[in-house]
J.: 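This is the structure I want to talk about, given as structure tokens.
Every chain is numbered from 1 and lettered A, B, ... according to where its sequence line falls, protein lines coming before strand lines. Computation of the quantities below employed the complete heavy-atom set of this structure, encompassing side-chain atoms and omitting hydrogens, waters and symmetry-equivalent molecules.
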Amino acid sequence: MALYQKFLDSIKGLKSSLSKDPTTMDNVSGAIAAEFLIFVSLILAALVLRHVSVVASIVVVLLVAVLFFTNMPLAGKIKSEQSDSLEKMTFYVVIVLGILVAVIYWGLRYV
Amino acid sequence: MNYLIPLMVVIPILAALIVNIFGGKDKTVKAISIVVAIAIPVIAIIAAVGIQYFGGHDPALLASSLPSNLMGTLVASYNTGIVYVFENIERIFIFLMGIVAFLAVLTYFAEKKEVSGPYLYLIFMGIASVTALMLSNDIFNMYVFFEITALTQVGIIIASSTEDNYEIALKYLILGAIGGPILLLGIGFILGTIGSVNINDIVFAISNNYVNPYAPSLVIGFALILFGWLYSAGLPPFHTIKSAVYSKARPNGSAILQGFSVLCMLAFGIAMYKIFAYVPYFNTAIIVFAILAMALSIAMSAMEVDFRRMIAFLAVGELGFIALGFGIGTQYSIAAALFQAANEIVITALLFIGFGTVYYLTKTSDTRKLGGLIAVDSKMAIMVLLGGFALAGVPPFNGFQSKLMLVQAALDAGYTELAILAIIVSVVIFFTFVKAFHTVYLQPKPKDLKFAHEKIPKATVFSVAVLLIICLALGIFPNIVTDVFIPFAGGLI
């Protein structure tokens, strides 16, 4: 009986630990789709650079591929960066503003 | 004088004030709201194409009465008052927004017995603002109405009484406190350089070399206005807060909010295109944000377990398609972008209202707690599924036609990568939607799932059906709108 109780308790423990984990087949398939989408988007975005410079495009494609394979999975990291946290949202808003102004203002001087 | 043009703005403002005054009297408020909501698209259809010079400031008449020393100068050609331009493109978008607003108001009345005067005030004020934004040919006037739109968006979230709505509204206000003033600062730089905020005057001054097109003040003005455009549209880095905004409003409110965002994006996008298309790498800058919007938002939607947030991310991702069309920068791609914008107003409204019925029935939007809802109302489930097909670009719906146009335009312009990306993103949209649909409607109903309501109101079913019919009609007869968009895009480039 004690053995049976132990077995039952271990099953209950396993069940409760599983129920805390939100991972389901839907989550996994969604995360894999997101991972592929991010990878493909990065590579295709890098390929668009060929309209500016073919050499730059090749270098960036290789860089993106190396960075991706050394940092995957990216989907989870990107999800955590895109939370509803005001700090993160403000950070990215300010960063984009800075990049836009810098690239457009100083970049156009050399065009 | 075509008085129907200003009336498109005046009537919803008056309606907003009146429904707020009669806040406690439900029948009166409902009657006024329905009449005005019908009147807006009707006026958009019957109004003749024309120009409205506020205060009678017709530049052609004023030019002849100017002192001799001003004759023939740049100033002589300037518009001295606010100008509204109403063409067929404005007709289409104001009509579609009016239809969505009418159906959203109808759904609101069906789902909520005691109507809120302030909520309706915000809806009508928002409609007036985006209509003015579409009509105005003056970037400062556009900014003013955009800020009113942004405030009404915040108000609609607060008045929605959903979970965490105050927090998201406050965050949107804080981020708007960065985006709004930056946009105004950009407009200020333009005004300081050219001396006018009228778009035609600015274009005339730049194209005739009255000012240096690469003057630092103009270039910095472009950078700031581009940033403001990202804020107004909800493109990255504002995509997270925009999707949160959509997901925290009532479903009928979300349908209206996304329409506002599309119109804001279009109005500023067209203005920016008219003024700054000569800037090197202008198109590249827009393409970068289009790719970011599509990749980030759709990836986020694929991982989302809250269906309202998932649709919100899909809606923001679809904005990326519109931006992509503008970024490619050919006549056909811009026409495709405009078509995509028209489609998004309708399709996303359908999905917000349609999927909103799940929230109405169960008071939850967590897909892990839902299932088996096809048994409650199979007709609604099928209409939502078809709406999802339209969003993903499945024939014969409108989404297919606009995305096909976009892919063809990308291939014609030599952007093969962007065509492939557009197709891949559409595939992921399809996957995400079908996954959510299966979870909510087809998987076995959880035992602990409780219902707040037993049936979906008929008015909601009617609203979704009308939107679906529009999707189908635009899919089978795309030339209803493309015959307007293609010549307009030709004039833009």
J.: What part of Val428(B) is in contact with chain A, defined as an atom under 4.5 angstrom from a non-hydrogen atom: side chain, backbone, both or neither?
T.: side chain
J.: Does any non-hydrogen side-chain atom of Val93(A) lie less than 4.5 Å from one of Phe227(B)?
T.: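 They are in contact (side-chain heavy atoms under 4.5 Å apart), so the answer is yes.
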J.: Using non-hydrogen atoms and a limit below 4.5 Å, what part of residues 55-65 of chain A faces chain B?
T.: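 Not one residue of residues 55-65 of chain A has a heavy atom under 4.5 Å from chain B.
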J.: Is it the backbone or the side chain of Val427(B) that comes under 4.5 Å from a heavy atom of chain A, or both, or neither?
T.: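 No part of Val427(B) comes within 4.5 Å of chain A.
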J.: Contact part of Leu170(B) toward chain A, heavy-atom cut-off under 4.5 Å: side chain, backbone, both or neither?
T.: neither
J.: Between Leu44(A) and Leu418(B), is the side chain to side chain contact (heavy atoms under 4.5 Å, CB included) condition met? List the steps.
T.: CA-CA 7 Å; Leu44(A) 289 173; Leu418(B) 298 180; over 6 Å; no
J.: Other residues, nucleotides and ligands only: do more than 12 of their heavy atoms fall within 6.0 Å of CD on Glu163(B)?
T.: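 Open: at most 12 neighbouring heavy atoms sit under 6.0 Å from CD of Glu163(B).
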J.: Which pairs count as side-chain hydrogen bond (donor to acceptor under 3.5 Å, both in side chains) when at least one residue sits in residues 411-421 of chain B, sequence neighbours excluded?
T.: Arg50(A)-Glu417(B)
J.: Checking Tyr214(B) now: which residues fulfil side chain to side chain donor-acceptor pair (under 3.5 Å) with it, not counting sequence neighbours?
T.: none
J.: For the CD1 atom of Ile43(A) and the CD1 atom of Ile420(B), what is their distance to the nearest 0.5 Å?
T.: 12.5 Å
J.: A side-chain contact here means heavy atoms from C-beta on lying under 4.5 Å apart; do Ile291(B) and Leu42(A) qualify?
T.: no
J.: Let's go through Val103(A) and Tyr281(B) carefully: what are the C-alpha distance in whole Å and the side-chain angles of both, what is the deciding distance for side chain to side chain contact (heavy atoms under 4.5 Å, CB included) to 0.1 Å, and is it a yes or a no?
T.: CA-CA 11 Å; Val103(A) 168; Tyr281(B) 299 114; over 6 Å; no
J.: So what's closer than 4.5 Å to chain B heavy atoms on Ile38(A): side chain, backbone, both or neither?
T.: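 The side chain, not the backbone.
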J.: Heavy-atom pairs under 4.5 Å with chain A - which of Pro216(B), Ala244(B), Ser243(B) has more of them than the others?
T.: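 The option with the most such pairs is Pro216(B).
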J.: Using the rule given for side chain to side chain contact (heavy atoms under 4.5 Å, CB included), can you reason through Met294(B) versus Ser41(A), listing the C-alpha separation, both sets of side-chain angles and the distance that settles it, and then say yes or no?
T.: CA-CA 9 Å; Met294(B) 290 195 293; Ser41(A) 305; over 6 Å; no
J.: How close do Met303(B) and Lys79(A) get, heavy atom to heavy atom, and via which atoms?
T.: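 In this case the closest contact between Met303(B) and Lys79(A) is O-NZ, 3.4 Å.
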J.: Please assess Leu230(B) against Leu100(A) for the test side chain to side chain contact (heavy atoms under 4.5 Å, CB included), listing each intermediate value before the final yes or no.
T.: CA-CA 11 Å; Leu230(B) 300 177; Leu100(A) 257 185; 4.1 Å; yes
J.: For chain B, which candidate among Ala45(A), Ala75(A), Ala33(A) shows the most heavy-atom pairs at distances under 4.5 Å?
T.: Ala75(A)
J.: By a 4.5 Å heavy-atom criterion (distance strictly below it), what part of Phe289(B) contacts chain A: side chain, backbone, both, or neither?
T.: side chain
J.: At a heavy-atom distance under 4.5 Å, which candidate from Leu97(A), Leu47(A), Val101(A) has the highest pair count against chain B?
T.: Leu97(A)
J.: Going from CZ on Phe282(B) to CD1 on Ile104(A), what distance comes out if it is rounded to the nearest 0.5 angstrom?
T.: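 Taking CZ in Phe282(B) and CD1 in Ile104(A), the distance rounds to 9.5 Å.
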J.: Does any backbone or side-chain atom of Leu421(B) lie under 4.5 Å from a heavy atom of chain A? Answer side chain, backbone, both or neither.
T.: both
J.: If a pair satisfies ring-ring contact (aromatic ring centres under 6.0 Å, His included) and one of its residues is in residues 28-50 of chain A, list it, with sequence neighbours excluded.
T.: Phe39(A)-Phe68(A), Phe39(A)-Phe69(A)
J.: How many angstroms lie between atom CD1 of Ile241(B) and atom CD of Gln82(A), to the nearest 0.5 angstrom?
T.: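 One gets 12.5 Å once the value is rounded to the nearest 0.5 Å.
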J.: Measuring only between side-chain heavy atoms, which start at C-beta, is Phe431(B) closer than 4.5 Å to Ser29(A)?
T.: yes
J.: With a 4.5 angstrom heavy-atom cut-off, which part of Met300(B) approaches chain A: side chain, backbone, both or neither?
T.: side chain
J.: Pick one of side chain, backbone, both or neither for Leu296(B), based on which atoms fall under 4.5 Å of a heavy atom in chain A.
T.: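 Both parts, backbone and side chain.
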J.: Does this structure show an ion pair linking Asp84(A) with Arg309(B), if we count only N-O contacts that are shorter than 4.0 Å?
T.: yes
